[in-house]
Amino acid sequence: MRRKLRQLVASGRTVAALGAIDALSAKLIAAHGFECIYVGSYATAASRFALPDTGLLALPEMVEQARTIVEALEVPVITDAEGGFHDAANLWRTVRAFEDAGVAAIHLEDHAGPGKHTQEPQQLRPAAEMAARIRAACDARRDADFMIVARSDAFWVNRDLDDTIERLARYVEAGADMVFPTLVGPAELAAVRAALPCPAMVVDMPGRTLAEHRGAALVLFYGFSVLAQYAGVKNALERFAAGEAPSGASELEAFLDYRGFAERSRRYKV
């Protein structure tokens, strides 16, 4: 799966990585032909714990979420590793936990504060400190195909493209395989790509088509499944309250391969 992700990144195409909230949503995404899956902290906090993404998740929670999804699939999984969960000297534990879970790539961010999706004051790690963390992560991996993606939130926090590029350049020098400048538009992405000799990933922007993200190797649709879950369950509850019974169990059971179990049961029956 790690080699497959590297091949996707090197293909020259812009690939959509849709966010999953569990193994079922990930399996559905893959069944519809999408080539990789994203597991983010925003969707994990919301779907597993009904909590906001404000720094509440711990390493074991993200790793277990990723592991469950990896085991259901035959496509690469990219996972949000937040700020790394540990200091640089202990980042080996983070990297190896995600490696052992079967993840193909993680991204590490230079955002230091907990309130990323709030109006609270935002903080960034010093660039030199973050570069050391990227270097520690790269040193820790046992599989050279496991990708370390360096995320900078400098444009998101300060709208400072020059600082974003300078930071990402330091992270690439430290060994990052890919860069991830958050909330950049097409013009800013083009500037990043012109300045740095490596592929880039971005998050989707509302109202923008996949083609408008041209120049990115991967586009993370981080809220895809959690937003669909919220809207779908809410809508189903409203219909149920109006007297409409839920349906679709037979289709779900076919997708989950209940028939496969029945065949195995007959085969091994004594």
Side-chain angles (χ1 to χ4, degrees), residues 16-29 34 36-73 76-87 90-91 93-95 97-125 130 133 137 148-153 156-157 180-183 201-206 218-237:
L18 272 58
I21 53 172
D22 53 21
L24 178 59
S25 62
K27 195 174 178 70
L28 275 167
I29 292 166
F34 292 94
C36 58
I37 302 291
Y38 178 60
V39 179
S41 61
Y42 180 91
T44 300
S47 63
R48 288 194 68 186
F49 304 105
L51 290 171
D53 184 22
T54 53
L56 292 168
L57 298 181
L59 174 62
E61 293 163 344
M62 285 303 298
V63 169
E64 190 53 36
Q65 179 82 338
R67 186 192 310 278
T68 302
I69 289 169
V70 166
E71 289 176 354
L73 301 174
V77 173
I78 304 159
T79 304
D80 181 356
E82 298 272 57
F85 300 103
H86 297 297
D87 59 20
N90 288 321
L91 262 169
R93 189 166 185 270
T94 297
V95 171
F98 282 112
E99 277 189 313
D100 290 344
V103 168
I106 58 171
H107 64 74
L108 295 165
E109 66 192 44
D110 58 10
H111 206 131
K116 282 182 292 187
H117 299 281
T118 73
Q119 297 303 312
E120 295 301 301
Q122 309 295 301
Q123 300 174 5
L124 298 173
R125 295 183 186 276
M130 184 62 192
R133 296 171 71 78
I148 306 292
V149 182
R151 166 176 159 170
S152 178
D153 287 355
W156 181 6
V157 172
F180 180 5
T182 50
L183 261 62
M201 71 165 54
V202 295
V203 293
D204 71 294
M205 299 294 285
L218 296 169
V219 181
L220 307 181
F221 289 79
Y222 69 96
F224 183 87
S225 294
V226 73
L227 295 175
Q229 178 196 43
Y230 179 78
V233 173
K234 182 172 180 287
N235 183 257
L237 286 166

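All values below come from the heavy atoms of this structure, side chains included, with hydrogens, waters and symmetry mates left out.
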**Prompt:** What's the spacing between D204 CG and F221 CZ if we round to 0.5 Å?
**Reply:** 5.0 Å
**Request:** Please examine the side chains of E82 and D53, heavy atoms only from C-beta on, and report whether any two atoms are closer than 4.5 Å.
**Result:** yes
**V39 side chain reached by D80 side chain, heavy atoms, under 4.5 Å** = no
**Message:** Return the NZ to CD distance between K234 and Q229, rounded to the nearest 0.5 Å.
**Reply:** 14.0 Å
**Message:** Rounded to the nearest 0.5 Å, what separates atom CG in L227 from atom OH in Y222?
**Reply:** 7.5 Å
**Prompt:** Should we say atom CZ of F180 is surrounded by more than 12 heavy atoms from elsewhere, each under 6.0 Å from it?
**Reply:** yes
**Item:** Residue pair L183, V203: steps toward the side-chain contact (heavy atoms from CB on, under 4.5 Å) verdict
**Value:** CA-CA 7 Å; L183 261 62; V203 293; 4.1 Å; yes
**Asked** Is R93 close to F85 at the side-chain level, that is, under 4.5 Å between some pair of heavy atoms?
**Response** no
**Request:** Under the side-chain contact (heavy atoms from CB on, under 4.5 Å) rule, what do M62 and T44 come out as? Steps first, then yes or no, please.
**Result:** CA-CA 8 Å; M62 285 303 298; T44 300; 3.9 Å; yes
**Message:** Give me the atom names and distance for the closest heavy-atom approach of A66 to V103.
**Reply:** CB-CG2, 3.7 Å
**Request:** Compare every heavy atom of L218 with every heavy atom of C36, then report the nearest pair and how far apart it is.
**Result:** SG-CD2, 4.0 Å
**Item:** Straight-line distance of S225 OG to D22 CG, nearest 0.5 Å
**Value:** 7.5 Å
**Complete:** Closest non-hydrogen contact found for L57 with A45 is CD1-N, 3.9 Å
**Asked** Should F49 and L56 be marked as a side-chain contact (heavy atoms from CB on, under 4.5 Å) after you check the CA-CA gap, both sets of side-chain angles, and the distance that decides it?
**Response** CA-CA 10 Å; F49 304 105; L56 292 168; over 6 Å; no
**Min side-chain heavy-atom separation S152-H111 under 4.5 Å** = no
**Item:** Sub-4.5 Å side-chain heavy-atom contact between Y38 and H107
**Value:** yes
**Item:** Minimum heavy-atom distance I21-Q65, with the two atoms named
**Value:** O-NE2, 2.8 Å
**Complete:** Rounded to the nearest 0.5 angstrom, the CD-OG distance for E109 and S41 is 7.0 Å
**Item:** Heavy-atom closest pair, residues K27 and A72
**Value:** NZ-O, 4.0 Å
**Asked** How close do T94 and A81 get, heavy atom to heavy atom, and via which atoms?
**Response** CG2-CB, 4.5 Å
**Prompt:** Heavy-atom distance under 4.5 Å between the side chains of L108 and R151, does that happen here?
**Reply:** no
**Request:** Kindly indicate whether the side chain of I37, heavy atoms from C-beta on, has any atom under 4.5 Å from the side chain of L18.
**Result:** no
**Prompt:** Can you check whether V233 reaches N235 side chain to side chain, under 4.5 Å on heavy atoms?
**Reply:** no
**Message:** Evaluate I78 against I106 for side-chain contact (heavy atoms from CB on, under 4.5 Å), listing each step before the verdict.
**Reply:** CA-CA 6 Å; I78 304 159; I106 58 171; over 6 Å; no
**Asked** Quick check: does any side chain N or O of E61 sit under 3.5 Å from a backbone N or O of A58, one acting as donor and the other as acceptor?
**Response** yes
**Asked** Taking atom CZ of R48 and atom OG1 of T68, what is their separation to the nearest 0.5 Å?
**Response** 7.0 Å
**Item:** Donor-acceptor under 3.5 Å (D87 side chain, N90 main chain)
**Value:** yes
